[in-house]
Structures are given as structure tokens and as C-alpha cells.
Amino acid sequence: MIKKLMLAFAALAVSSGIAFAQVDVNKADVAALDGVKGVGPSMSKAILDERAKGEFKDWADLQTRVKGMGEKKAAKLSQSGLVVNGKGKEGAAAKPAAAKGDKSAAKPVDAKTAT
């Protein structure tokens, strides 16, 4: 019984690691792209169609060539594990904005008033 529980736990640990694996836009197939949270069938098709014309150089190239890929979308996709040539989008791992009404995110202090 304990062996079965340990095996189940090990399988769960391995599968959760796969869920957060990085997907390189220049190497991924449709299934891998669709597995990234925020990428649907139409975006996968657009990515593959553009990649057929040539690999993506960087995030700026991806955003320029794939319709509907703005700064916010690119940042969210990068946080979900999408990479271009092994690199995530710069600034994508930034701390999330404070929730509405959350006072814990203080405003920056002015150097003149802070003493």
C-alpha cells in the first residue's frame, strides 16, 4: 500500500514538473503550443505559419509577426512558459500588481520628504 502511495506521489511530482516546462516557440509543435496557458488553436496556427517563413529572432520579432501578440499578451505567455530561443520575455517575471484596495503596495517615497 505504501509503495503505491509513493509511486502515485512520484508520478504527481513528475507531471507537475512537466506542466511548468518551457516551450520554445521555434521548436514546438501545435500540441506543445496549445499546452501553454493563453495560446489557443488560432494563435498556434499563426505562430507556425510565421515560423514557416523563418525562425523568430527574439520576442520583438514574434510580437511583430504574430497578430494579436502585444506586450501584455507576450508577458503573460512568457510567465506561462513560452520562450523564444530559450529566453523568456524581459520584465515578464515582474511582481504582479497589487489587488484593488490592497494597501500593502506602498507608493514610492520621494527622497526629499523621506528623512
Side-chain angles (χ1 to χ4, degrees):
M1 177 70 173
I2 291 177
K3 288 182 181 180
K4 287 183 181 180
L5 286 173
M6 290 177 65
L7 182 61
F9 181 72
L12 178 64
V14 169
S15 66
S16 67
I18 292 171
F20 296 109
Q22 292 183 341
V23 176
D24 195 315
V25 75
N26 284 321
K27 298 175 185 171
D29 59 3
V30 175
L33 290 170
D34 285 343
V36 176
K37 183 179 177 183
V39 177
S42 62
M43 183 165 285
S44 294
K45 183 180 180 334
I47 289 171
L48 292 177
D49 288 347
E50 283 299 320
R51 188 175 74 193
K53 299 174 186 174
E55 287 193 350
F56 298 102
K57 298 174 197 163
D58 52 22
W59 277 94
D61 187 30
L62 176 67
Q63 289 176 247
T64 302
R65 293 169 49 191
V66 177
K67 185 178 179 182
M69 179 85 64
E71 280 295 319
K72 289 181 182 179
K73 181 73 171 182
K76 286 181 182 180
L77 293 176
S78 180
Q79 289 174 344
S80 296
L82 193 69
V83 295
V84 178
N85 293 324
K87 296 181 181 177
K89 176 132 177 77
E90 285 189 29
K95 191 165 102 176
K100 188 175 182 180
D102 184 4
K103 303 281 185 194
S104 65
K107 293 181 181 178
V109 178
D110 186 6
K112 292 179 185 176
T113 59
T115 52

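Counting only distance, with no hydrogens or angles, the side chain of K73 and the backbone of G38 share a donor-acceptor pair below 3.5 Å.
Grouping Ile, Leu, Val, Met, Phe, Trp and Tyr residues whose side-chain heavy atoms lie under 4.5 Å apart, directly or via other members, leaves V83 alone, with no other cluster members.
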K57 vs V84, side-chain contact (heavy atoms from CB on, under 4.5 Å): CA-CA, chis, key distance, verdict: CA-CA 7 Å; K57 298 174 197 163; V84 178; over 6 Å; no

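By the side chain to side chain contact (heavy atoms under 4.5 Å, CB included) test, K67 pairs with no residue at all, sequence neighbours left out. Applying the salt bridge (charged side-chain N to carboxylate O under 4.0 Å, His left out) test to R65 and every residue at least two apart in sequence or in another chain returns E50, D61. Listed by chain and residue number, D49 satisfy the salt bridge (charged side-chain N to carboxylate O under 4.0 Å, His left out) test with K45 (two or more places apart in sequence, or in another chain). For E55, the salt bridge (charged side-chain N to carboxylate O under 4.0 Å, His left out) test picks out no residue, with sequence neighbours left out. Residues passing the salt bridge (charged side-chain N to carboxylate O under 4.0 Å, His left out) test with D24, sequence neighbours excluded: none. Qualifying side-chain hydrogen bond (donor to acceptor under 3.5 Å, both in side chains) partners for N26, counting only residues two or more places apart in sequence or in other chains: N85.
Side-chain contact of Q63 with K89: a donor-acceptor pair under 3.5 Å is present, judged by distance alone.
Once rounded to the nearest 0.5 Å, the distance linking OG of S78 with NZ of K87 reads 12.5 Å.
Judged as a side-chain hydrogen bond (donor to acceptor under 3.5 Å, both in side chains), the pairs with a partner in residues 29-38 (not counting sequence neighbours) are, in order, D34-S44.
Annotation for K27 and R51: closest pair N-NH1, 3.5 Å, computed over non-hydrogen atoms. In terms of heavy atoms, L82 sits closest to W59 at O-CZ2, 3.2 Å.
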